[in-house]
Chemist: 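Just passing along the structure, written as structure tokens.
Small disclaimer: the values here were computed from a predicted structure and weren't measured. Letters A, B, ... are given to chains in the order of the sequence lines, protein chains preceding strands, and every chain is numbered from 1.
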2 protein chains.
Amino acid sequence: MAYTYDYPHPAVTTDTAVFSIIEGRLHVALIERGAPPFKGCWALPGGFVGMEEDLAEGARRELAEEAGVTPDQLSGLPFFQIGAFGAPGRDPRERVITVAFLTLVPMDRVTLVASTDAARAEWFAYDDLPALAFDHADILAQARAALSRLVSTDLSADADAVFSFLPEEFTLSQAQTVFETITGAALEKRNFRKWIKAHWELEDLQKKTSGGRHRPAALFRLGGARRQAG
Amino acid sequence: MAYTYDYPHPAVTTDTAVFSIIEGRLHVALIERGAPPFKGCWALPGGFVGMEEDLAEGARRELAEEAGVTPDQLSGLPFFQIGAFGAPGRDPRERVITVAFLTLVPMDRVTLVASTDAARAEWFAYDDLPALAFDHADILAQARAALSRLVSTDLSADADAVFSFLPEEFTLSQAQTVFETITGAALEKRNFRKWIKAHWELEDLQKKTSGGRHRPAALFRLGGARRQAG
DNA sequence: CCTCAATAGTGTAGTTTGAACACTATATAG
DNA sequence: CTATATAGTGTTCAAACTACACTATTGAGG
């Protein structure tokens, strides 16, 4: 089957940077390409946009197809567009313009499963990445920057999104790890606790962790509304 | 001449929101469409991306072609990508994905000239816009939000860009107008002067305006490096 | 030349926000 | 019972932001 146009059309793909925090380090989901170009190389999960689907929809579909991250696992999680990348020559096959997305998944919930087109799917520590296919190193760097921007000194309207790294019920220490990992800076415990309680409404679940060889920690849940920026 | 592909390909366009500040009000450059669809409707200047040109390059070419804003006039001015817009059905002809850009031009320098495909090209006050073609109202709203974000309480790395609204030599009152127009909030004069001098290095040109029926104002130029965020 | 109108220019005090800093508490393992 | 590992808690100082009112200089017009 062939598709014919009066003018040349570029191909359009999506690619998604799926971030998580594993053992206190920022990780990204990558797939090993099972087909040329860049066969055997690691890449962001993504693929061609369907003609009837929205860009974000296509990105989610590809996540399921290539990395086994189902729409179910993504439901309720933030999904941001990073931007379009369209330098001529970024794909050796033909002109391909890709629209990149960013998502944040909880530290404890998502397992990757390779499938269509992907030989493997794995989590990589962000500061220990393999060589990436296409211009994905570029895209990933911009995704990382967008992640940082979410929690830069004045909080963006989307700052709540970073709580997606946490399980539904979390301790303040876990929350601190998330903010430290994203900003890359160590935070002072007492200041952090004051600050997070000033900016978010945290519901004290009146429960404690258990099992650790140490004092149990109080569990919280992100409450109704973010308090305010500033 | 026809172009044939194994898979259907969407068309890709660019659209640019060109902002300026005219008589203390934020304005946008729009063109009146001279051809269907949406003939006679106002729209952001833009058009199809060439197969060998980068996205931003294509956007600038279209600005020249449709609105008479030459690469020359744009040189040195910021040019930011807002994002890709690709809802199926946003263009009645075929699937069209557009990549939107944002630029800021000086209050005193750019005249619009309609040409290719555009019946007219004009500046419109942002808060007095006509109905727009396609999803351009949407795109424009996101461009406006990006403009605000440039100068939100903690300054983005790109905050210098707002000086592009000013002539090379400007008074502090003009600068205040720019920041007030972007944020939509009235600023207190003494505080603003302290603040801008704390965040930017302004070179005092040791010159004064003249001709006004009032005290002359000192002229400044944006100095070398931005001081720092915070 | 005097007055008016219009914009330029300047400093201080109060409040809020962010940064630095050290010790006590409680669970488990051995 | 002891050792170890993490949880939890307040105060003080510095910096940044807010509010606030008067004098200065020019051109126009009478």
Side-chain angles (χ1 to χ4, degrees), chain A residues 21 23-24 107 151-156 159 166-167 169-200 202-221 226-230, chain B residues 21 23-24 107 151-156 159 166-167 169-181 183-221 226-230:
Chain A
I21 293 177
E23 288 166 13
M107 24 178 56
V151 292
S152 58
T153 31
D154 100 332
L155 294 169
S156 76
L166 291 165
E169 306 188 343
F170 56 86
T171 69
L172 294 181
S173 296
Q174 288 177 307
Q176 184 169 346
T177 300
V178 166
F179 282 87
E180 286 180 331
T181 305
I182 296 173
T183 61
L187 302 173
E188 208 281 328
K189 182 158 59 164
R190 282 166 292 188
N191 292 341
F192 173 76
R193 284 164 186 241
K194 248 181 302 175
W195 177 84
I196 195 171
K197 285 173 173 166
H199 289 285
W200 281 275
L202 299 183
E203 184 182 349
D204 185 337
L205 295 170
Q206 311 292 345
K207 283 199 285 182
K208 306 241 160 200
T209 54
S210 65
R213 184 178 171 174
H214 52 75
R215 177 172 175 176
L219 285 166
F220 293 84
R221 180 164 55 191
R226 191 93 160 284
R227 290 236 177 118
Q228 67 195 348
Chain B
I21 292 177
E23 287 164 15
M107 26 178 56
V151 290
S152 58
T153 30
D154 100 334
L155 294 168
S156 76
L166 291 165
E169 304 188 344
F170 55 86
T171 68
L172 294 182
S173 297
Q174 288 178 308
Q176 184 169 345
T177 300
V178 166
F179 281 87
E180 286 179 331
T181 305
T183 61
L187 302 173
E188 208 282 326
K189 181 156 60 161
R190 282 166 293 188
N191 292 341
F192 173 76
R193 284 163 187 243
K194 247 181 303 175
W195 177 85
I196 196 172
K197 285 173 173 166
H199 289 284
W200 280 276
E201 185 153 4
L202 298 183
E203 186 182 348
D204 185 338
L205 296 170
Q206 311 290 347
K207 281 199 287 182
K208 305 242 162 203
T209 54
S210 65
R213 186 180 170 174
H214 53 73
R215 177 173 176 176
L219 286 166
F220 292 85
R221 180 163 56 189
R226 176 95 171 286
R227 290 241 175 115
Q228 65 196 347

Chemist: With sequence neighbours left out, what residues match Arg215(B) under side chain to side chain donor-acceptor pair (under 3.5 Å)?
Modeler: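 In terms of side chain to side chain donor-acceptor pair (under 3.5 Å), with neighbours along the sequence ignored, Arg215(B) is linked to no residue.
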Chemist: Which whole-number value in Å describes the distance from Leu202(B) CG to dG9(C) P?
Modeler: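 Taking CG of Leu202(B) and P of dG9(C), I get 12 Å after rounding.
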Chemist: For Ala175(A), what residues pass the side-chain contact (heavy atoms from CB on, under 4.5 Å) criterion, not counting sequence neighbours?
Modeler: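 Expected list: Leu166(A), Phe170(A), Phe192(A), Ile196(A).
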Chemist: Atom CH2 of Trp195(A) and atom C1' of dA20(C): how far apart are they, to the nearest Å?
Modeler: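 About 18 Å, once rounded to whole Å.
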Chemist: Considering residues at least two apart in sequence or located in another chain, which fulfil the ring-ring contact (aromatic ring centres under 6.0 Å, His included) criterion with Phe220(B)?
Modeler: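 With sequence neighbours excluded, Phe220(B) shows a ring-ring contact (aromatic ring centres under 6.0 Å, His included) to no residue whatsoever.
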Chemist: Quick check on contacts: within residues 172-187 of chain A, what sits under 4.0 Å from DNA chain C by heavy-atom distance?
Modeler: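 Close to the strand, none.
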Chemist: To the nearest angstrom, how far is Lys197(B) atom NZ from dA16(D) atom P?
Modeler: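 After rounding, the reported distance stands at 17 Å.
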Chemist: Among all residues two or more places apart in sequence or in another chain, which pass the side chain to side chain donor-acceptor pair (under 3.5 Å) test with Lys207(B)?
Modeler: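 Checked Lys207(B) against side chain to side chain donor-acceptor pair (under 3.5 Å); matches are Glu169(B).
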Chemist: Which atoms form the tightest heavy-atom contact between Val178(A) and Met107(A), and what is the distance?
Modeler: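 Residues Val178(A) and Met107(A), closest heavy atoms: CG2-CE, 4.2 Å.
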Chemist: Atom OG1 of Thr171(B) and atom CD of Gln176(B): how far apart are they, to the nearest 0.5 Å?
Modeler: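 Going from OG1 on Thr171(B) over to CD on Gln176(B), the span is 9.5 Å.
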Chemist: Considering residues at least two apart in sequence or located in another chain, which fulfil the side chain to side chain donor-acceptor pair (under 3.5 Å) criterion with Gln174(A)?
Modeler: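 If we apply the side chain to side chain donor-acceptor pair (under 3.5 Å) test to Gln174(A), skipping adjacent residues, there are no hits.
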Chemist: Distance from Thr209(B) atom OG1 to His214(B) atom NE2, nearest 0.5 Å?
Modeler: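 Reported to 0.5 Å precision, the distance equals 6.5 Å.
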Chemist: Look at the aromatic rings of Trp200(A) and Trp195(A) and report parallel, tilted or perpendicular, splitting at 30° and 60°.
Modeler: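 Trp200(A) and Trp195(A): perpendicular rings.
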Chemist: In degrees rounded to 10°, what angle is found between the helical axes fit to the five outermost pairs at each end of the helix from dC1(C)-dG30(D) to dG30(C)-dC1(D)?
Modeler: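 The two end axes of the helix from dC1(C)-dG30(D) to dG30(C)-dC1(D) meet at 10°.
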Chemist: Test of understanding: with salt bridge (Lys or Arg N to Asp or Glu O under 4.0 Å), list the residues that count as partners of Lys194(B), not counting sequence neighbours.
Modeler: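 Testing Lys194(B) for salt bridge (Lys or Arg N to Asp or Glu O under 4.0 Å), a comparison that skips the adjacent residues, returns none.
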Chemist: What's touching nucleotides 11-16 of chain C from the protein side, N or O pairs under 3.5 Å?
Modeler:
residue : atom : partner   : partner atom : Å
dT12(C) : O4   : Lys194(B) : NZ           : 2.9

Chemist: Rounded to the nearest Å, what distance is computed from the NZ atom of residue Lys189(A) to the P atom of nucleotide dA19(C)?
Modeler: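 From Lys189(A) NZ to dA19(C) P: 18 Å.
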Chemist: Expressed as a whole number of angstroms, how long is the span from His199(B):NE2 to dA15(D):C1'?
Modeler: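 Between C1' of dA15(D) and NE2 of His199(B): 11 Å.
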Chemist: Among residues 205-220 of chain A, which residues get a heavy atom nearer than 4.0 Å to DNA chain D?
Modeler: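 Output list: Arg213(A), His214(A), Arg215(A), Pro216(A), Ala217(A), Ala218(A).
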Chemist: CG of Asp204(A) to NZ of Lys197(A): how many Å apart, nearest 0.5 Å?
Modeler: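 Separation between the atoms: 7.5 Å.
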Chemist: Please enumerate all residues that pass salt bridge (Lys or Arg N to Asp or Glu O under 4.0 Å) together with Arg190(A), with sequence neighbours excluded.
Modeler: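 Salt bridge (Lys or Arg N to Asp or Glu O under 4.0 Å) check on Arg190(A) returns Glu188(A).
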Chemist: For Thr177(B), give me all partners under side-chain contact (heavy atoms from CB on, under 4.5 Å), at least two apart in sequence or on another chain.
Modeler: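 If we apply the side-chain contact (heavy atoms from CB on, under 4.5 Å) test to Thr177(B), skipping adjacent residues, the hits are Thr181(B).
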